[in-house]
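Beneath this line is the structure, given in structure tokens, with notes to follow.
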Number of protein chains: 2
Amino acid sequence: MTLAEKAYVSLRKDIVEGSFAPESPLRLADLSERYGMGFSPLREALNRLQAERLVTAESLRGFRVSSRSLAEFEDALNARLLIETEALRLSIARGDDAWEASVVAALYALRRQARREDGDVDELKTRHHAFHRALLAACGSDWLMDFFERLYAATERYRIPALTAAGPQKRDIDAEHGAIADAVLSRDAALAEQLLRDHYLRTAATIRSGMAAA
Amino acid sequence: MTLAEKAYVSLRKDIVEGSFAPESPLRLADLSERYGMGFSPLREALNRLQAERLVTAESLRGFRVSSRSLAEFEDALNARLLIETEALRLSIARGDDAWEASVVAALYALRRQARREDGDVDELKTRHHAFHRALLAACGSDWLMDFFERLYAATERYRIPALTAAGPQKRDIDAEHGAIADAVLSRDAALAEQLLRDHYLRTAATIRSGMAAA
DNA sequence: AATTCGATAATTTTCGAAAATCTGACATGG
DNA sequence: CCATGTCAGATTTTCGAAAATTATCGAATT
């Protein structure tokens with residue numbers, strides 16, 4: 001892996017996880033010291049992240065972490081619902097046995113990690129992402145999967161700070177995931193879409209109250 | 001405008017218009033000579049284009065123009081239908097008087113340019129793009145507009161070579177645009193969606209036969 | 001007191017060269 | 001004849017410094 005790719009992965013992670021505050025400037029000198037590399041690979045990474053809307057750039061004034069607002073969250077969430085319900089429908093229509101197996105496997109891996117008391121939070125997030133990706137993976141559209149990844153990263157930026165602010169949850173997220181998987185495996189597209197939609201709307205409600213609290 | 005931004009605009013145009021063949025390597029030395037700048041701004045532009053899927057990159061093996069295939073075109077077209085019908089629906093529901101006026105203006109400008117015998121093809125394409133953007137512009141979603149721009153560029157790569165190969169058209173595209181605008185201005189969302197869908201499906205049919213001929 | 005101007009510092013942007021890596025040809029051994 | 005290793009050339013990637021631009025601060029002016 002080249003330095004530029006490492007810079008891209010690290011920066012993306014740090015932005016999504018909130019290590020850099022929204023709107024804070026991303027100065028090359030600071031980043032260079034933080035990640036131990038020159039300007040070139042950093043600029044490459046920043047340009048890619050700009051195209052993904054995680055950072056903004058102004059000519060000759062450098063880069064900043066993109067702003068965060070309730071309106072932008074709502075926008076990203078609505079786009080997600082549009083993209084993911086369509087992708088899920090396609091996936092259910094087109095997925096084969098191997099796809100079903102991958103959904104089962106992803107759910108299993110997610111649950112296993114969720115039940116570990118000593119669990120690594122990073123690993124849990126990775127598996128959560130993997131489960132949601134597995135649901136859509138058979139949709140057959142590179143563009144929809146691309147949009148899914150973008151929107152997932154964009155909304156993930158809100159999930160983390162909001163959830164800590166909102167306190168303990170009353171939801172049984174594990175059960176929601178299980179219900180979605182069941183509907184998918186029985187190829188009930190309408191039910192699966194409805195459950196996925198509800199799943200996101202519930203998360204959105206939590207995040208809204210979390211942002212209001214923060 | 002910085003050199004990197006110029007490089008981005010130029011490269012994007014040259015790729016979309018087909019000045020570089022799909023899959024052809026984009027060597028830094030060549031590009032440096034062609035555009036009269038060093039490697040740094042070119043790499044920045046290429047990285048942004050990579051995030052937009054117009055170019056692909058392989059570690060330590062440089063950049064290539066993304067491939068072109070009927071399957072990828074169909075994928076982009078279907079994504080476009082999903083995104084644009086939704087954006088159009090929202091636009092019709094939310095657009096105000098100023099938006100209506102901008103649609104009328106964009107259609108007028110497009111028609112004016114289309115009727116000029118000595119017309120600049122570049123200008124016509126710009127206005128065509130502007131008209132379709134104006135239709136959706138009141139949707140209120142940055143993400144949907146972002147996806148629209150990406151998909152427009154992706155499909156534009158197919159429109160140009162296919163149309164020249166397919167020969168003269170029997171369609172009255174001007175009338176199709178007019179009908180869409182009429183439906184939009186009368187706020188008939190269902191009709192507008194249907195007309196937009198038909199408009200794209202007809203273009204898609206032309207492109208399919210054009211690709212088959214080529 | 002507020003504003004403008006100029007000099008200095010900080011920062012981004014760009015270049016040119018060095019380092020790292022890949023490609024293809026050629027020789028060598030099985 | 002085929003496989004394998006090696007070397008030179010081509011290409012990408014990275015660095016460090018130079019160039020260009022913006023930001024900051026104090027003095028002069030209104």
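The figures here come from the full heavy-atom set of this structure, side chains too, leaving out hydrogens, waters and symmetry mates. Every chain is numbered from 1, with letters handed out A, B, ... down the list of sequences.
At the heavy-atom level, A:Leu28 lies under 4.0 Å from base atoms of the strands shown.
Within the 3.5 Å criterion, the main-chain N or O of A:Trp99 finds a donor-acceptor partner in the side chain of A:Ser102. Within the 3.5 Å criterion, the main-chain N or O of B:Arg202 finds a donor-acceptor partner in the side chain of B:Thr206.
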If you look only at distance, which donor and acceptor atoms sit under 3.5 Å apart when one is on a side chain in residues 57-64 of chain A and the other is two or more places apart or in another chain?
residue	atom	partner	partner atom	Å
A:Ser59	OG	B:Glu5	OE1	2.7
A:Ser59	OG	B:Glu5	OE2	3.2
A:Arg64	NH1	A:Glu23	O	2.3

Could you pull out all donor-acceptor pairs under 3.5 Å where a side-chain atom in residues 135-147 of chain A meets a protein atom, sequence neighbours excluded?
residue	atom	partner	partner atom	Å
A:Ser141	OG	A:Trp143	N	3.4
A:Ser141	OG	A:Leu144	N	3.0
A:Ser141	OG	B:Asp75	OD1	2.5

Sequence neighbours excluded and cut-off under 3.5 Å, please list the side-chain donor-acceptor pairs for residues 31-42 of chain B, or say none.
residue	atom	partner	partner atom	Å
B:Ser32	OG	B:Met37	O	2.5
B:Arg34	NH2	B:Asp14	OD2	3.2
B:Tyr35	OH	B:Asp14	OD2	2.6

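Contacts between residues 32-47 of chain A and DNA chain C, defined by a heavy-atom separation below 4.0 Å, involve A:Phe39, A:Arg43, listed by number.
Following rounding to the nearest Å, A:Leu31 (CG) and C:dT12 (C1') show an atom-to-atom distance of 13 Å. Atom CG of A:Leu26 is separated from atom P of C:dT12 by 9 Å (rounded to the nearest Å). A straight line from CG of B:Leu3 to P of C:dC15 spans 5 Å, rounded to a whole angstrom. In this structure, A:Gln50 places its CD atom 14 Å from C1' of C:dT12, rounding to the nearest Å.
Qualifying salt bridge (charged side-chain N to carboxylate O under 4.0 Å, His left out) partners for B:Arg27, counting only residues two or more places apart in sequence or in other chains: none. With sequence neighbours excluded, the residues forming a salt bridge (charged side-chain N to carboxylate O under 4.0 Å, His left out) with B:Glu100 are B:Arg187, listed by chain and number. A search for side chain to side chain donor-acceptor pair (under 3.5 Å) contacts involving B:Lys13 returns B:Glu17, B:Asp122, not counting sequence neighbours. Remark: A:Glu72 pairs with no residue by the salt bridge (charged side-chain N to carboxylate O under 4.0 Å, His left out) rule, at least two apart or across chains. Annotation: side-chain contact (heavy atoms from CB on, under 4.5 Å) contacts of A:Arg80 (sequence neighbours excluded): A:Glu84, A:Phe148, A:Leu151, A:Tyr152, A:Thr155, A:Tyr200. A search for salt bridge (charged side-chain N to carboxylate O under 4.0 Å, His left out) contacts involving A:Asp30 returns nothing, not counting sequence neighbours.
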Polar atom pairs (N or O), protein with nucleotides 19-24 of chain D, under 3.5 Å:
residue	atom	partner	partner atom	Å
D:dA23	OP1	A:Arg61	NE	3.4

Atom pairs, protein N/O to nucleotides 6-10 of chain D N/O, distance under 3.5 Å:
none

